[in-house]
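Working notes, structure below.
The chain is numbered in sequence order, starting from 1.
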Amino acid sequence: MTAATTAPLTGLRVLDLATLFAGPLAATLLGDFGAEVVKVEHPSKPDPSRGHGPSKDGVGLWWKTLGRNKRTITLDLSKPGGRTTLLRLAATADVVIENFRPGTLEKWDLGWPELSAANPRLVLARVTAFGQFGPYAHRPGFGTLAEAMSGFAAITGEPDAPPTLPPFGLADSIAGLTTAYAVMTALAARERTGEGQVVDMALIEPILAALGPQPLWYDQLGHVQPRTGNRSPNNAPRGVYRTADGTWVAVSTSAQSVAERVMHLVGRPELIDEPWFATGADRARHADLLDEAVGSWIAARTRTDVLAAFEKAEAAVAPVQDVRDVMADPQYQALNTITTVDDPELGPLRMQNVLFRLSATPGAIRWAGRPHGADTDEVLTELGLSPAELTALRTEGAL
């Protein structure tokens with residue numbers, strides 16, 4: 001990367017003390033755009049994400065994405081030497097991200113008073129299930145609980161089926177994105193005040209924000225959104241439809257003009273003249289009729305023919321893709337959404353690229369997730385620790 005294209009967060013130093021998954025993801029997002037991220041893990045209990053999901057040759061693959069652009073060190077924060085070393089690291093850092101249960105850092109005398117004394121400009125991002133205070137604060141919690149508590153599961157699934165949880169870390173992902181935004185907000189404030197502050201991020205809150213105006217609807221109208229499967233209460237036709245060759249496509253008609261184009265395309269233009277067709281909410285009340293019209297037309301054609309016809313009609317459609325389709329999709333290929341990273345352990349790896357493109361100061365994946373503790377000696381030597389001090393820390397069990 002040349003000086004003219006230096007990543008925007010170059011010079012920012014982040015200590016990632018977090019595990020599973022929101023806190024580490026926030027650190028990854030910062031590292032993708034140039035921040036120096038130092039991943040701090042327990043010497044004998046590494047981030048469990050290293051063991052989540054499939055592995056190859058004994059190497060966890062999830063970590064290769066989540067741990068990218070991070071240098072990895074080990075440190076037992078409960079040991080006196082680990083505590084002292086972390087405070088020395090914090091004095092050189094801009095951001096610390098942690099997700100211990102509230103009170104854990106304080107138990108080790110590493111709470112905000114101690115960290116801010118070591119570095120008044122530090123931003124401490126604290127990511128927990130329920131926040132730093134309140135009746136649930138000290139409960140153990142994961143994203144699954146946030147997906148349940150927030151109302152997401154209650155509105156997901158078919159009307160006559162149980163509430164549905166996502167089969168991936170949805171709440172954690174949303175909270176990771178939000179934590180990265182919160183950190184940048186706190187750093188912007190530091191530019192004015194010269195002082196750092198604490199970010200209190202609860203997993204149960206960002207996912208609730210993503211669900212839209214449900215609290216407002218309930219407050220003003222007593223309205224509780226029901227489960228509607230793939231249908232929307234705000235427009236129709238909307239959903240997934242099976243093609244003649246056994247695949248699926250998704251159709252959306254959020255705009256009135258698109259709804260009208262779809263009706264022309266499927267040979268039912270007379271429905272446009274119905275009084276109820278004029279608004280999305282009224283169309284949604286006639287979803288059975290509209291779904292039959294669209295669904296029967298799609299069912300008689302292959303996916304290739306359906307996609308071509310919708311594109312020609314300027315109507316909104318997309319194939320329902322699994323990861324095999326995603327990897328071969330020409331739009332994703334054009335955007336370089338899936339990129340290749342050379343890895344010393346496993347060779348070339350294909351994974352999601354950085355989250356967005358900047359025209360002048362782009363981000364980049366400099367390396368994939370590194371082995372547990374791979375950079376301990378290098379990072380601590382840079383910090384000024386002598387070989388004798390490193391030996392003493394190892395003897396104590398702090399490394």
Side-chain angles (χ1 to χ4, degrees), residues 13-31 35 37-52 60 62-63 65-68 70 72-78 82-83 86 89-90 93-112 114-116 122-134 136-147 149-150 168-186 196-208 369 372:
R13 192 172 217 211
V14 178
L15 304 182
D16 174 10
L17 314 185
T19 60
L20 290 179
F21 285 100
L25 176 59
T28 302
L29 297 172
L30 298 172
V37 180
V38 177
K39 175 73 177 181
V40 181
E41 298 174 87
H42 190 279
S44 61
K45 302 171 189 173
D47 187 330
S49 65
R50 290 181 179 273
H52 265 58
W62 199 331
W63 172 251
T65 294
L66 191 63
R68 70 195 195 190
K70 300 179 183 181
T72 61
I73 72 169
T74 59
L75 207 57
D76 185 343
L77 305 183
S78 69
R83 174 189 181 274
L86 183 74
L89 281 167
D94 299 281
V95 181
V96 171
I97 301 175
E98 63 96 3
N99 72 332
F100 299 106
R101 254 193 259 185
T104 302
L105 282 184
E106 286 74 9
K107 179 178 67 176
W108 298 329
D109 292 326
L110 286 171
W112 179 238
E114 291 82 8
L115 289 170
S116 61
L122 188 70
V123 170
L124 173 63
R126 316 195 73 170
V127 185
T128 57
F130 306 110
Q132 293 295 312
F133 57 91
Y136 304 165
H138 291 278
R139 293 182 182 178
F142 299 98
T144 297
L145 306 191
E147 289 145 11
M149 280 184 60
S150 63
F168 66 100
L170 177 62
D172 276 284
S173 298
I174 297 172
L177 291 163
T178 310
T179 301
Y181 162 59
V183 165
M184 297 308 299
T185 302
Q197 60 183 298
V198 177
V199 172
D200 180 3
M201 180 63 62
L203 293 185
I204 60 174
E205 293 183 305
I207 189 172
L208 180 59
H372 181 229

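Qualifying salt bridge (charged side-chain N to carboxylate O under 4.0 Å, His left out) partners for Asp94, counting only residues two or more places apart in sequence or in other chains: Arg190. Residues passing the ring-ring contact (aromatic ring centres under 6.0 Å, His included) test with Tyr136 are Phe130, sequence neighbours excluded. Arg83 meets the salt bridge (charged side-chain N to carboxylate O under 4.0 Å, His left out) test with no other residue; sequence neighbours excluded. Taking Gln132 as the reference, Pro102, Arg126, Thr128, Asp200 meet the side-chain contact (heavy atoms from CB on, under 4.5 Å) condition, with sequence neighbours excluded. In terms of the side-chain contact (heavy atoms from CB on, under 4.5 Å) criterion, residue partners of Thr185 (sequence neighbours excluded) are, by chain and number, Tyr181. With sequence neighbours excluded, the residues that form a side-chain contact (heavy atoms from CB on, under 4.5 Å) with Ser116 are Trp112. The side-chain contact (heavy atoms from CB on, under 4.5 Å) search around His372 returns Glu41, Pro46, Arg50, Thr74, not counting sequence neighbours.
For the atom pair CD of Glu114 and CD of Glu106, the computed distance is 7.5 Å after rounding to the nearest 0.5 Å. In this structure, CG on Leu105 lies 10.0 Å from CG on Asn99, to the nearest 0.5 angstrom. A distance of 12.0 Å separates CG of Asp109 from OG of Ser78, quoted to the nearest 0.5 Å.
Contact between Leu122 and Val95 at its shortest, heavy atoms only, is CD1-N, 3.8 Å. Residues Met201 and Ala182 approach most closely at CE-CB, 4.1 Å, considering heavy atoms. In this structure, Leu208 and Ser150 approach most closely via the heavy-atom pair CD1-O, 3.4 Å. Of all the heavy atoms in Leu86 and Leu110, the pair that sits closest is CD2-CD1, 3.7 Å. In this structure, Trp62 and Ser49 approach most closely via the heavy-atom pair CB-O, 4.0 Å. Across all non-hydrogen atoms, the minimal contact from Pro206 to Ala175 is CG-CA, 4.1 Å.
Counting only heavy atoms from C-beta outward, the side chains of Leu89 and Arg13 approach each other to under 4.5 Å. Side-chain contact check for Phe100 versus Leu77: some heavy-atom pair is nearer than 4.5 Å.
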Compile the donor-acceptor pairs under 3.5 Å between side chains in residues 15-30 and protein atoms, sequence neighbours left out, one pair per line.
{"unit_1": "Asp16", "atom_1": "OD1", "unit_2": "Ala18", "atom_2": "N", "d": "3.0"}
{"unit_1": "Asp16", "atom_1": "OD2", "unit_2": "Lys39", "atom_2": "NZ", "d": "3.3"}
{"unit_1": "Asp16", "atom_1": "OD2", "unit_2": "Lys70", "atom_2": "NZ", "d": "2.8"}
{"unit_1": "Thr28", "atom_1": "OG1", "unit_2": "Pro24", "atom_2": "O", "d": "2.9"}
{"unit_1": "Thr28", "atom_1": "OG1", "unit_2": "Leu66", "atom_2": "O", "d": "2.6"}
{"unit_1": "Thr28", "atom_1": "OG1", "unit_2": "Lys70", "atom_2": "NZ", "d": "3.2"}

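No option in Thr72, Leu75, Asp47 other than Leu75 meets the side-chain contact (heavy atoms from CB on, under 4.5 Å) test with Val40.
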